[in-house]
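Worksheet for the structure shown next.
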Amino acid sequence: MKRITNVKVITTTDDMPDLSFLGEFSRKPLYRHKNEAWIPTDPDNMEHTIWFSPCNHLPHKEENWRHVSEEDKQKVIKEFGSLRKADIHYAYEDMKRLQAYENGKWQMTIITLIVTIQVSEDGTHWVTQDLVESIGGIESDSDDEYKNMIINEMKEEMKSQLKSWGFDDNEIKGIYK
């Protein structure tokens, strides 16, 4: 005998997120490799500025735009004046995003799906087991549609765990409420 007794989704703060995809701050440019670029956080106060090295966008390279359609490139050029200026703009956007994180405006979260099952040989003595799927690196200000997509993907992954315990599709459908 087996049964699903509880299904819950929990969102917690990711206390050790990897934000390297945005870049890093430093009191001075470090130039550890040739593809590293640094921009001032306050170009109007260069004497006291903190420097930012974006992970993406800079230094500008035309080949970084190869995956973008010509039509979309033209839209970007119309908006920013050139792809190079767009890269600089996007680098500053990443800097502002990282500053907002450091100022507590948003955080990285972990979404966890926990399905509690019980299994018994005799119907009297039950073993309880929590089956867990989780994913971190979810930005707290992501929209609900994105978060629901993540939860639905975890539910699909959970299906295989439940099937390995002998649950069939009818028994599993309860996790989709």
Side-chain angles (χ1 to χ4, degrees), residues 2-27 29-33 35-39 41 50-59 61 63-68 72 76 86-119 127-169 171-177:
K2 60 196 173 316
R3 60 189 178 203
I4 297 172
T5 60
N6 194 22
V7 177
K8 60 184 167 185
V9 175
I10 300 169
T11 302
T12 55
T13 301
D14 187 344
D15 293 328
M16 298 192 54
D18 178 4
L19 299 174
S20 62
F21 68 95
L22 291 172
E24 68 177 307
F25 292 106
S26 178
R27 295 228 172 265
L30 301 176
Y31 298 112
R32 295 167 290 214
H33 52 84
N35 289 323
E36 193 167 28
W38 290 87
I39 56 177
T41 58
I50 300 293
W51 291 84
F52 177 71
S53 179
C55 180
N56 302 296
H57 314 299
L58 296 177
K61 294 180 186 169
E63 64 262 20
N64 291 345
W65 288 87
R66 265 190 253 145
H67 68 285
V68 180
D72 287 343
V76 169
D87 279 339
I88 292 167
H89 172 81
Y90 296 143
Y92 273 101
E93 287 294 308
D94 285 352
M95 178 193 75
K96 290 174 187 171
R97 185 78 174 143
L98 191 53
Q99 286 172 324
Y101 173 84
E102 290 185 349
N103 290 324
K105 305 283 189 215
W106 66 279
Q107 57 196 1
M108 284 296 204
T109 61
I110 301 169
I111 298 176
T112 305
L113 170 65
I114 303 170
V115 176
T116 304
I117 63 170
Q118 291 184 324
V119 180
V127 174
T128 302
Q129 177 73 39
D130 283 337
L131 305 179
V132 179
E133 289 286 339
S134 68
I135 186 165
I138 308 297
E139 296 174 18
S140 61
D141 54 2
S142 298
D143 64 24
D144 288 341
E145 182 179 344
Y146 176 71
K147 291 175 186 175
N148 287 332
M149 180 191 76
I150 296 294
I151 293 167
N152 287 332
E153 287 176 6
M154 287 192 300
K155 286 179 178 180
E156 285 300 313
E157 291 292 323
M158 182 62 72
K159 261 186 176 181
S160 64
Q161 282 196 58
L162 289 166
K163 286 186 176 188
S164 74
W165 282 85
F167 289 90
D168 63 31
D169 287 333
E171 294 168 306
I172 293 172
K173 69 182 177 186
I175 70 170
Y176 291 95
K177 293 178 182 175

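- Within the structure, salt bridge (Lys or Arg N to Asp or Glu O under 4.0 Å) contacts touching residues 9-21 (residues at least two apart or in different chains) do not occur.
- Salt-bridge formation is not detected for the pair Lys8/Asp130: no Lys NZ or Arg NE/NH1/NH2 atom is positioned less than 4.0 Å from an Asp or Glu carboxylate oxygen.
- Looking only at distances, no side-chain donor or acceptor of Thr109 sits under 3.5 Å from a matching main-chain atom of Thr13.
- Put simply, OG1 on Thr12 and CD1 on Ile110 are 4.5 Å apart, with the number rounded to the nearest 0.5 Å.
- In this structure, CG in Leu162 is found 14.5 Å from NZ in Lys173, a value given to the nearest 0.5 Å.
- How far CD1 of Ile117 is from CG of Asn6: 12.5 Å, rounded to the nearest 0.5 Å.
- With hydrogens and angles disregarded, no donor-acceptor distance shorter than 3.5 Å links the side chain of Glu171 to the backbone of Ile4.
- Under a 3.5 Å cut-off, the side chain of Asn56 and the backbone N or O of Phe21 do form a donor-acceptor pair.
- Under a 3.5 Å cut-off, the side chain of Ser140 and the backbone N or O of Gln107 do form a donor-acceptor pair.
- A distance of 4.5 Å separates CD in Glu156 from NZ in Lys159, rounded to the nearest 0.5 Å.
- None of Arg3, Gln129, Lys2 except one satisfies the side-chain hydrogen bond (donor to acceptor under 3.5 Å, both in side chains) rule with Gln118; the exception is Arg3.
- For the atom pair Ile39 CD1 and Leu58 CG, the distance stands at 6.0 Å (nearest 0.5 Å).
- In this structure a side-chain-to-backbone donor-acceptor pair under 3.5 Å is missing from Trp51 to Leu30.
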